[in-house]
Amino acid sequence: MRAMGIIIARDLRLGMRAGGALGAGLIFFLSVVMVSAFAIGPDLGLLSRVGPAILWIGALLASLLGLERIFAADHEDGSLDLLQLAPLPMEAVAAAKGIAHWLMTGLSLAVAVPVFGILLGVSGKALFAAALLLLVGTPAITFLGLIGAAVSVALPRAGMLVAILVLPFTIPVLIFGAAATESAIAGEVFGTPFKLLLATALFGFVIGPVAAAAAIRLARS
């Protein structure tokens with residue numbers, strides 16, 4: 001656990017120093033919300049109905065930003081070779097790097113939802129539900145994205161390729177998250193959509209690092 005903590009702290013420090021993923025994700029998220037609000041127009045009733053779906057689409061697309069850099073930066077400077085030689089299993093290394101990426105992207109998006117949701121006329125209760133559900137859903141996007149990042153680790157300019165590989169696997173997260181948010185707006189308990197969203201997040205947390213480690217070993221063998 002200590003070794004994983006060191007990797008997480010290192011990636012957070014490098015990410016903050018670069019200033020890329022955190023700021024770019026929030027700016028992209030805000031851009032999606034604002035463009036959608038202008039496109040729909042001043043109909044506040046319609047905005048409040050489609051607002052949760054827009055928030056999920058924006059968070060999903062923003063979470064995809066920077067995924068290709070999770071392993072590519074270490075591949076370029078040789079750090080990935082040292083990590084493979086370390087006594088820590090590659091699965092644990094991949095999990096630590098996924099946690100660091102989520103802390104810089106998914107967590108910040110969930111915190112920003114209540115602010116950005118106001119622009120879409122989403123009610124306070126729905127904003128709280130959307131933020132809570134994003135805390136559960138965004139880890140699924142990150143850990144499923146680990147697989148695409150690992151597959152493309154040695155490819156130059158693989159950003160679009162990673163998005164194409166990962167996007168189809170994140171559709172269930174979008175469906176379950178939007179459905180759970182709509183249930184919260186209607187005054188119902190999160191129910192089945194929330195359980196499915198939680199199951200998807202747990203599935204991604206278990207499968208993502210294992211598949212990513214296998215892809216890295218295969219790509220570098």
Side-chain angles (χ1 to χ4, degrees), residues 3-4 7-8 10-12 14-15 20-22 24-25 28 56-86 88-110 133-177 196-221:
M4 289 182 66
I7 294 174
I8 293 171
R10 169 184 173 272
D11 280 16
L12 289 176
L14 292 176
L22 178 61
F28 185 83
W56 271 96
I57 292 172
L60 170 62
L61 297 178
S63 296
L64 296 178
L65 296 178
L67 275 177
E68 81 282 359
R69 300 299 298 169
I70 293 179
F71 297 110
D74 291 333
H75 170 72
E76 292 169 0
D77 64 13
S79 300
L80 198 56
D81 294 325
L82 299 177
L83 290 172
Q84 284 188 292
L85 296 174
L88 191 67
M90 199 61 204
E91 288 80 3
V93 172
K97 297 184 75 65
I99 292 172
H101 182 78
W102 177 78
L103 289 173
M104 287 188 294
T105 56
L107 181 60
S108 61
L109 295 177
L133 292 167
L134 277 176
L135 282 176
V136 177
T138 47
I141 299 172
T142 296
F143 284 98
L144 292 174
L146 275 181
I147 304 172
V151 169
S152 61
V153 64
L155 301 177
R157 294 185 294 276
M160 184 60 70
L161 175 62
V162 173
I164 293 173
L165 289 174
V166 173
L167 195 56
F169 297 101
T170 58
I171 290 177
V173 180
L174 183 65
I175 294 173
F176 301 146
L196 292 173
L197 182 65
L198 184 60
T200 305
L202 293 175
F203 175 80
F205 184 75
V206 173
I207 297 299
V210 175
I216 290 175
R217 292 192 187 100
L218 183 63
R220 298 174 63 82
S221 61

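None of these values were measured; they are calculated from a predicted model. Along the sequence shown, the residues carry numbers beginning at 1.
Considering CG of Leu197 and CG of Leu174, their distance stands at 10.5 Å, rounded to 0.5 Å. How far CG of Leu64 is from CG of Leu167: 6.0 Å, rounded to the nearest 0.5 Å. In this structure, the separation between CD1 on Ile7 and CD1 on Ile99 is 10.0 Å, given to the nearest 0.5 Å. Put simply, CG on Leu134 and OG on Ser63 are 8.0 Å apart, with the number rounded to the nearest 0.5 Å. The structure places CZ of Phe71 at 7.5 Å from CG of Leu80, a figure rounded to the nearest 0.5 Å.
Each side chain to side chain donor-acceptor pair (under 3.5 Å) pair with one or both residues in residues 137-150, not counting sequence neighbours, appears once here: Trp102-Thr138.
Taking both residues in full, the closest heavy atoms of Gly177 and Leu133 are given as O-CD1, 4.0 Å, listed atom of the first, atom of the second, then distance. A pairwise comparison of heavy atoms in Ala150 and Ile216 identifies CB-CG1, 3.7 Å as the closest pair. Between Leu144 and Gly204 the shortest heavy-atom distance is CD2-CA, 4.0 Å. For Val166 against Gly148, the heavy-atom pair with the smallest separation is CG2-CA, 4.1 Å. Of all heavy-atom pairs spanning Trp56 and Gly137, the tightest one is CH2-CA, 4.1 Å.
By the side chain to side chain contact (heavy atoms under 4.5 Å, CB included) test, Phe205 pairs with Phe143, sequence neighbours left out. For Thr200, the side chain to side chain contact (heavy atoms under 4.5 Å, CB included) partners two or more places apart in sequence, or in a different chain, are Ala140, Val173, Phe176.
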Review item, side-chain donor-acceptor pairs of residues 90-97, under 3.5 Å, at least two apart:
| from | atom 1 | to | atom 2 | distance (Å) |
| --- | --- | --- | --- | --- |
| Glu91 | OE1 | Arg217 | NH2 | 3.2 |
| Glu91 | OE2 | Arg217 | NH1 | 3.2 |
| Glu91 | OE2 | Arg217 | NH2 | 3.2 |
| Lys97 | NZ | Asp11 | OD1 | 3.4 |
| Lys97 | NZ | Asp11 | OD2 | 2.8 |
| Lys97 | NZ | Ile70 | O | 3.4 |
| Lys97 | NZ | Asp74 | OD2 | 2.4 |

